[in-house]
Structure formats: C-alpha cells, structure tokens
Amino acid sequence: MSEGGRLELRHPGGSTPIWVGAGALGNALEALGASLARRRVFAVTSPPVRALHGAALDAVAATAGAFRILEVADGESAKSVETVVTLWRRLLDEGGKRDSLIVAFGGGSIGDVAGFVAATFLRGVDYLQVPTTLLAQVDASIGGKTAINLPRAKNCVGAFHHPVATIAETTFLETLGPRQIRCGLFEVVKTAAMLDSDLFAMLETELEELLGGGAEVLAPVVEATAAAKIAVVERDPTEGNDRRLLNFGHTLGHALESAAVDVHGHKTLEHGEAVGYGMLFALELARPRGLGMKEAERIRELVVRIGLPPLPGGLDPADLIDRIARDKKAREGSIAWVMPMKIGDGLVVENVTGEEVSSTIDRFLAGA
Ligand SMILES: NC(=O)c1ccc[n+]([C@@H]2O[C@H](COP(=O)([O-])OP(=O)(O)OC[C@H]3O[C@@H](n4cnc5c(N)ncnc54)[C@H](O)[C@@H]3O)[C@@H](O)[C@H]2O)c1
Ligand SMILES: [Zn+2]
C-alpha cells in the first residue's frame with residue numbers, strides 16, 4: 001500500500017493538515033495521538049457507515065482519553081435542526097467540554113452536521129473530518145463550510161469552522177457503489193475543469209480504472225483534487241471571489257436536483273448527476289463567451305463518459321428558472337454563472353440575461 005500524502009490548508013484561523021491515501025488514518029493518528037490522549041472524543045456517524053467501517057474507529061478510541069459514538073440518521077436527513085439539538089444535548093449529558101473533540105465519520109452530510117455542531121457547541125470545539133465518500137474526500141471535508149437544512153432550504157444555516165485535520169482514508173472508498181463513485185467523479189471533473197488542466201488530463205486517461213473505485217487508483221485523484229480546492233480556498237476563504245468557481249455546474253444543477261422527482265416524490269437525480277448536467281449546460285453559455293469548441297467537446301465527452309441517467313420527462317423550463325432564482329447563490333440582482341474559458345481556467349459571469357438563460361434552457365432540454 002502506498003503511504004498517505006499530507007497536504008496543508010492555511011486559513012485565517014490557523015492551518016489544517018489533510019492526510020490523503022491508503023493508510024492516511026494510521027499516519028494521522030500517529031501524528032495526532034498525543035493531542036487526543038487527554039481528551040473526550042465524540043465520533044458522529046450513521047448506522048450504515050458504522051456497520052461498514054466502524055472498526056476503524058477502534059484506533060481512534062484507543063488513542064483518546066474517553067470515547068463515545070453518537071449515531072445520527074443516515075444521509076441528507078441528518079442535516080436537520082432536530083439532529084443538531086439532539087447532538088448538543090448528548091454532548092452536554094456525556095461531559096462534553098471546551099477541549100472535547102468531535103470526529104465527523106461519514107459522507108458530506110455527516111461532515112456538515114457534525115461540523116456545524118462543533119462550530120456552535122460551547123461557542124466552538126475542535127473537530128476532525130474523516131470523510132468516507134469520494135464526494136466528501138474531494139470536496140465537502142475541505143474548506144471549513146458547515147451547514148444544516150431548513151425545510152425546502154438546503155444549507156440555509158451554517159458557519160465557517162475549519163476542522164483541526166481532515167483524514168481522507170481512501171480504503172473507505174472501496175465499499176462505495178458505482179453510482180456513488182460516479183457522483184464523486186463529477187465533482188472531481190468540476191474542480192479539474194475550473195482549476196487544474198493536468199488533473200483533467202489524468203481523468204481523461206484513467207477514467208475506466210477510476211470508475212472501478214479501487215483505493216490505490218483513486219488516491220492520486222483525491223489528493224490532486226484536494227490540492228486544487230486547498231489552493232482556491234486559501235486565496236478566497238469566505239467565497240467572495242474565486243472560490244465560487246467550485247459552483248461550476250451547480251446553478252442549474254441544484255434546480256435540476258430538486259425538480260427531478262418521481263411520482264412518489266423521490267429524487268431521480270443524485271447531486272453529482274445534476275451537477276453533470278449543470279456542467280453541460282454551462283458549456284452552452286461559455287461557448288459564445290470564448291470557450292473553444294475543442295475544449296468544450298473534451299469537457300462534454302468526459303462528463304458523458306462518467307455516465308448520466310436520462311433526464312426525467314416533463315421538466316418545465318419556467319419552473320427551473322424559478323428554482324435558480326430562489327437558490328441562495330443568487331445574490332441580489334444578478335445570478336452568477338460559473339463556466340470554463342479553457343480547461344483548468346474558470347470564470348464567474350454575472351451578466352447573463354434572463355432571456356439568454358431561458359432560451360438556452362429550452363434548447364438544452366430539447367436536445368437532452
Ligand atoms: N461543506 C461543504 O463544503 C460541502 C461541499 C459539497 C457537498 N457538501 C454536502 O455533502 C452532502 C453530500 O455528501 P455525500 O455525497 O458524501 O452524501 P452523504 O453523506 O449523504 O452519504 C451518502 C450515502 O453514502 C453512504 N456511505 C458513506 N460512506 C460510505 C462508504 N465508505 N461505503 C458505502 N457507503 C457509504 C452513507 O451511508 C449514505 O447513505 C450534501 O449534504 C452536501 O450539501 C458539503
Ligand atoms: Zn456539489
């Protein structure tokens with residue numbers, strides 16, 4: 001097994017080491033061990049993640065002064081006010097103190113809710129991100145954004161609170177299903193298309209192996225994607241500027257994700273898949289603004305090779321536009337569209353008119 005790599009994210013409050021690779025957990029615990037020994041450690045996880053990888057927490061427990069596991073609901077439903085209140089109460093009841101440490105052990109949902117609890121309990125306690133999905137390893141666990149949802153308002157309440165370390169142990173990824181791998185890879189393509197042309201070329205060459213999901217083959221991609229995100233977060237910690245490039249594909253993506261439901265109200269597009277379509281759509285806006293045909297085609301081809309499910313029939317362009325306008329990323333006045341100008345070089349465009357969006361959506365849905 002290859003040794004895990006170690007990256008570093010410098011932010012206004014200090015710096016966060018990020019261990020990546022097969023063996024990252026062991027390496028990180030070796031480095032962090034002394035700082036855990038006298039502390040109460042609370043691992044937040046969900047039953048399925050615990051069933052799959054809970055044994056890895058034994059090593060954390062062995063290092064900590066005291067150790068508890070706090071289970072929350074699985075998936076997006078963990079990001080609720082109710083979960084936060086339950087966790088605050090459990091922490092208090094179980095002797096949580098200013099120097100306690102929370103470990104977020106799971107996908108991005110667990111990272112977001114456990115991070116938010118860490119940001120707020122006793123005005124802020126330390127936490128570790130231990131992401132177990134590809135999406136969380138390449139994106140959600142890096143950069144200090146934490147959030148929960150209100151009904152119909154995703155990520156509506158949150159805080160910036162950086163973890164004391166992120167541990168992206170890539171062997172956890174071996175139990176992900178193919179759809180989860182694909183969803184993570186769409187976010188990798190997003191980052192590469194905006195920030196890193198070498199990473200983009202690596203994806204083009206190795207996509208088939210990456211879709212297979214092995215820890216060894218994914219590790220360099222996780223590391224390169226994390227490094228690209230780190231660089232942009234260091235330049236723009238609070239997302240006033242360049243960090244918005246990471247929203248490539250997300251403007252239409254969020255609208256599609258919430259609109260695409262079956263007759264039972266179940267989502268038919270995963271987040272990453274909606275972002276895949278959102279990236280294809282942004283290419284249409286980018287072409288008349290200077291994105292070359294060859295580069296647009298390379299991005300389109302990579303997204304298509306990862307594999308998109310068909311769009312559900314009956315999507316209403318006016319409804320999608322309405323959802324875009326309601327998205328919190330729509331600032332007063334104008335909506336920011338993120339698009340590539342070249343591979344590895346993105347741009348935030350604020351002057352796309354409503355008419356242009358509307359006619360492009362019509363064409364896009366007709367051609368999809
Ligand atoms: N804070 C940020 O900067 C940021 C960035 C991107 C996304 N996010 C958030 O991340 C969340 C999505 O994260 P996600 O895609 O990881 O989904 P998730 O956390 O909801 O997990 C999805 C599923 O994966 C399962 N799972 C977790 N690890 C597994 C493993 N190793 N093997 C098999 N199954 C496993 C979980 O049990 C769960 O059912 C969203 O809520 C999104 O808003 C946050
Ligand atoms: Zn995303």
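Numbering of ligands and ligand atoms starts at 1, following listing order. The first residue of the sequence shown is numbered 1, and numbering continues consecutively from there.
Salt bridge present: Arg39 and Asp126 bring a charged side-chain N and a carboxylate O closer than 4.0 Å. Under the 4.0 Å criterion applied to side-chain N and carboxylate O atoms, Arg323 and Asp319 are assigned as salt-bridge partners. For Lys267 and Asp262, the salt-bridge test fails: no basic side-chain N is under 4.0 Å from an acidic carboxylate O. Between Arg235 and Asp242 there is a salt bridge, with a side-chain nitrogen of the basic residue lying less than 4.0 Å from a carboxylate oxygen of the acidic one. Salt bridge present: Glu8 and Arg6 bring a charged side-chain N and a carboxylate O closer than 4.0 Å.
In His53, the part holding a heavy atom less than 4.0 Å from any atom of ligand 1 is the side chain. At a heavy-atom cutoff of 4.0 Å, ligand 1 is contacted by no atom of Thr146, backbone or side chain. When non-hydrogen atoms are compared, ligand 1 lies under 4.0 Å from the side chain of Asp74 (C-beta onward) but not from its backbone.
Scanning the protein for heavy atoms near atom 43 (O) of ligand 1, the closest one is Lys154 NZ, 2.8 Å. The nearest heavy-atom contact from the protein to atom 40 (C) of ligand 1 is Glu76 OE1, 3.3 Å. Atom 9 (C) of ligand 1 has Asp112 OD2, 3.5 Å as its closest protein atom, hydrogens excluded (heavy atom only). Of all protein heavy atoms, the one closest to atom 32 (N) of ligand 1 is Thr175 OG1, 2.7 Å. What sits closest to atom 28 (N) of ligand 1 on the protein, heavy atoms only, is Thr132 OG1, 2.7 Å. Among all non-hydrogen protein atoms, the one lying nearest atom 20 (O) of ligand 1 is Ser109 OG, 2.7 Å. Protein heavy atom at the shortest distance from atom 5 (C) of ligand 1 is Ala140 CA, 3.4 Å. Nearest protein heavy-atom neighbour of atom 16 (O) of ligand 1: Thr133 OG1, 2.6 Å.
Taking only nitrogen or oxygen atoms, main chain and side chain alike, Leu135 does not reach within less than 3.5 Å of ligand 1.
If you look at Trp337 and Phe281, their ring centroids are closer than 6.0 Å. His161 and Phe116 have their aromatic ring centers separated by at least 6.0 angstrom. Ring pair Phe105/Phe172: centre-to-centre distance below 6.0 Å.
Between Arg50 and Thr45, the side chains place no donor N or O within less than 3.5 Å of an acceptor N or O (distance only, hydrogens not considered). If you check the side chains of His271 and Glu76, you find no donor sitting under 3.5 Å from an acceptor.
Around the Zn ion (ligand 2), the protein contributes the following N, O or S atoms at distances under 2.8 Å: Glu187 OE2, His250 NE2, His271 NE2.
Atoms of ligand 1 lying under 4.0 Å from any heavy atom of Gly108, numbered from 1 in the order shown and given with element: 10 (O), 11 (C), 13 (O), 14 (P), 16 (O), 19 (O). Every atom of ligand 1 is numbered from 1 in the order shown, and the set under 4.0 Å from a heavy atom of Gly107 is 16 (O), 19 (O). Of all atoms in ligand 1, listed by their number and element, those nearer than 4.0 Å to a heavy atom of Gly75 are 20 (O). Every atom of ligand 1 with a heavy atom of Asn155 under 4.0 Å away is listed here by number and element: 43 (O).
Remark: Arg287 CZ is packed, more than 12 non-hydrogen atoms of other residues, nucleotides or ligands lying under 6.0 Å away. Around CD of Glu30, the count of heavy atoms belonging to other residues, nucleotides or ligands within 6.0 Å does not exceed 12.
The heavy atom nearest to atom 24 (O) of ligand 1, out of those in Gln180, Lys79, His271, is found in Gln180.
Atom NZ of Lys342 is separated from atom CG of Leu347 by 12.0 Å, given to the nearest 0.5 angstrom.
In this structure, Ala226 and Ile142 approach most closely via the heavy-atom pair CB-CD1, 3.4 Å.
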